[in-house]
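So the structure is just underneath, and the comments pick up after that.
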Amino acid sequence: MRALRISAWGGALEPVVVAEPEPARGEVLVRVEACGIGVTVLQCMNGQLGSEASHLPRVPGHELVGIVEAVGPGTDPALVGRRVMAYFYLVCGACRECLAARDSTCLNFRGNVGVAIDGGYAEYAVLPSLNAIEVPREVDPVAATTIADAIATPVHIARRAGLGPRTRVAVLAAGGGVGLHMVQVARAYGADVVGLDVVADKLEYLEQQLGVRAADSSDFGAIALPPAWAGKADVVIDLYGRAPAQRWALDHLAKNGSLMCLTSMLDEEFTVSSRELVLSQLAVLGCRYASRYEVGLAAALVTSGRVRPLVSAVVGPEEVPAVHERIRSGSFPGRAALVW
């Protein structure tokens, strides 16, 4: 089969022809129809989500969607022929965290698809059956690449933040692949949303294509929140992950407000005092991916039409490096998808 893989963490993608994988016990073989391309896959390739030498060479790509063509021993044969999407985290499904629908904090976490095992930058991929989540029939494979991460993660955030009708929500880096879906999910939960970004085209997309109020965040001293908010948000969702943004967020939270932190970039820190947390009863919460249950909720939002999957480009394998460069530069809106 054809594949794109890396031979070193932080190394370049290499087009290769390798043997088609075979599913072992408890696994499924998936013929990949499409694989999403976003910031997280670049972090995976750079070794930010695991950098063990024993995992190399590695085929990246965790947002894969495809048809189950075969199953290994001990796996339900009824899965053959079904379209599935990959759950990003390799979890046990049996510990107290998994059983409480907190799969992303699994006590027996084994790493990530596209890091610890090969992902979807190939014509075929093998997944644990637990990680193969069925795609609703009415969703096409390219659109489905957004569900298990770019939409499920916002669902997790919305639930963790307790978003509801008229919650005032500001989304930092709202024009990115997760951000464009985050603003939609927040609105689906009833929130009043403002999307913040620094790229003019992304701000225009938020306003013209999604009907979301947008504000330029290139100068944190001049961000214009809606007048009715009186300068404060109930929830700030930080998809940017830099100290100036987080400081701005804390300074602009209303009483009982929450800062939702999503990024896990190395060497990025911000300071907060217990005094400011106590006096305004603020919360700073980390959000770690989503549960398999929340992937199902994300799929339901798509099938109901309340959230629209946004894939800005569909490319072949030879075009993937150029898309990676556009994502690194911050100029790419939404998600892209690789098809073979």
Side-chain angles (χ1 to χ4, degrees), residues 2-6 8-15 32-49 58-65 88 112 114-115 119-122 141-151 153-154 171-184 195-210 212 214 216-218 238-242 245 262-266 268 308-340:
R2 293 176 297 163
L4 298 173
R5 72 182 186 186
I6 57 173
W9 300 112
L13 280 173
E14 306 161 350
V32 178
E33 297 176 288
C35 185
I37 307 172
V39 171
T40 303
V41 74
L42 300 180
Q43 294 174 338
C44 290
M45 290 170 58
N46 287 335
Q48 294 182 37
L49 278 75
R58 180 59 68 222
V59 175
H62 61 285
E63 297 175 306
L64 70 93
V65 173
F88 185 25
N112 304 90
V115 179
Y121 278 19
V142 169
T145 62
T146 66
I147 292 175
D149 187 351
I151 300 175
T153 300
V171 181
L172 288 157
V178 175
L180 291 175
H181 296 97
M182 183 71 250
V183 297
Q184 295 186 74
L196 308 178
D197 212 294
V198 300
V199 179
D201 288 348
K202 292 182 177 182
L203 293 169
E204 182 180 358
Y205 192 97
L206 285 162
E207 292 181 332
Q208 300 300 319
Q209 300 298 320
L210 297 183
V212 174
D216 189 339
S217 57
S218 55
D238 177 29
L239 302 171
Y240 180 53
R242 302 295 193 277
L262 270 293
T263 66
S264 56
M265 297 176 186
L266 297 172
E268 286 290 339
R308 175 161 55 99
L310 298 172
V311 178
S312 301
V314 178
V315 302
E318 66 283 349
E319 300 169 272
V320 170
V323 172
H324 284 183
E325 287 305 314
R326 288 192 62 193
I327 293 171
R328 288 188 184 99
S329 72
S331 64
F332 195 87
R335 277 291 202 270
L338 163 65
V339 296
W340 291 92

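Just the heavy atoms: all of them, side chains too, but no hydrogens, waters or symmetry mates, feed the values below. What you see is a predicted model, and the numbers here were worked out from it, not measured in a lab. Start at 1 with the first residue, then count along the sequence.
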Listed partners of E204 passing salt bridge (Lys or Arg N to Asp or Glu O under 4.0 Å), at least two apart: none
Could you tell me whether the side chain of R326 and the main chain of H324 form a donor-acceptor pair under 3.5 Å? no
Please check: side-chain N/O of Q184 versus main-chain N/O of L180, any donor-acceptor pairing under 3.5 Å? yes
Just so I know, are the side chains of F88 and C44 near enough to count as touching, which here means a heavy-atom distance under 4.5 Å? yes
Just how far is it from atom CG of D197 to atom CG of L172, taken to the nearest 0.5 Å? 9.0 Å
Just so I know, are the side chains of R242 and E268 near enough to count as touching, which here means a heavy-atom distance under 4.5 Å? yes
I'd like to check V212 versus E207 (side-chain heavy atoms, cut-off strictly below 4.5 Å). Are they in contact? no
Is there side-chain contact between Y121 and V320, with at least one heavy-atom pair below 4.5 Å? yes
Tell me, please, which residues at least two apart from F332 pass ring pair (Phe, Tyr, Trp, His ring centres under 6.0 Å). none
Can you check whether A34's main-chain N or O pairs, donor with acceptor, with W340's side chain at less than 3.5 Å? no
Rounded to the nearest 0.5 Å, what separates atom CE in M182 from atom CG in L239? 7.5 Å
If you look at every heavy atom in A143 and P309, which pair is closest and at what distance? O-CB, 3.6 Å
Salt bridge (Lys or Arg N to Asp or Glu O under 4.0 Å) partners for R308, two or more places apart: none
C35 and side chain to side chain contact (heavy atoms under 4.5 Å, CB included): which single residue from L64, L4, T145 fits? L64
Using only atom types and a distance under 3.5 Å, with no angle test, would you say the side chain of K202 pairs donor to acceptor with the backbone of G330? yes
Flag side-chain contact, heavy atom, 4.5 Å: D201 against P333: no
Any residue meeting side chain to side chain donor-acceptor pair (under 3.5 Å) with T153, in chain and number order, not counting sequence neighbours: D149
Between V339 and V142, is a side-chain contact (heavy atoms from CB on, under 4.5 Å) present by the stated rule, with each step listed? CA-CA 8 Å; V339 296; V142 169; 4.1 Å; yes
E33 side, atom CD; L338 side, atom CG - distance, nearest 0.5 Å: 12.5 Å
With a 4.5 Å heavy-atom cut-off, do R328 and L42 have their side chains touching? yes
Set of residues satisfying side chain to side chain contact (heavy atoms under 4.5 Å, CB included) with respect to A144, sequence neighbours excluded: V65, V135, V139, I147
Calculate, to the nearest 0.5 Å, the distance between atoms CZ and CD1 belonging to R335 and I151 respectively. 9.5 Å
Y240 vs L262, test: side-chain contact (heavy atoms from CB on, under 4.5 Å). Steps then yes/no. CA-CA 8 Å; Y240 180 53; L262 270 293; over 6 Å; no
Sort out for me which residue in T40, I6, V115 forms a side chain to side chain contact (heavy atoms under 4.5 Å, CB included) with M45. I6
Under the side chain to side chain donor-acceptor pair (under 3.5 Å) test, which residues partner D216, sequence neighbours left out? S218
For the pair H62 (side chain) and V41 (backbone), establish whether a donor and an acceptor sit closer than 3.5 Å, ignoring hydrogens and angles. no
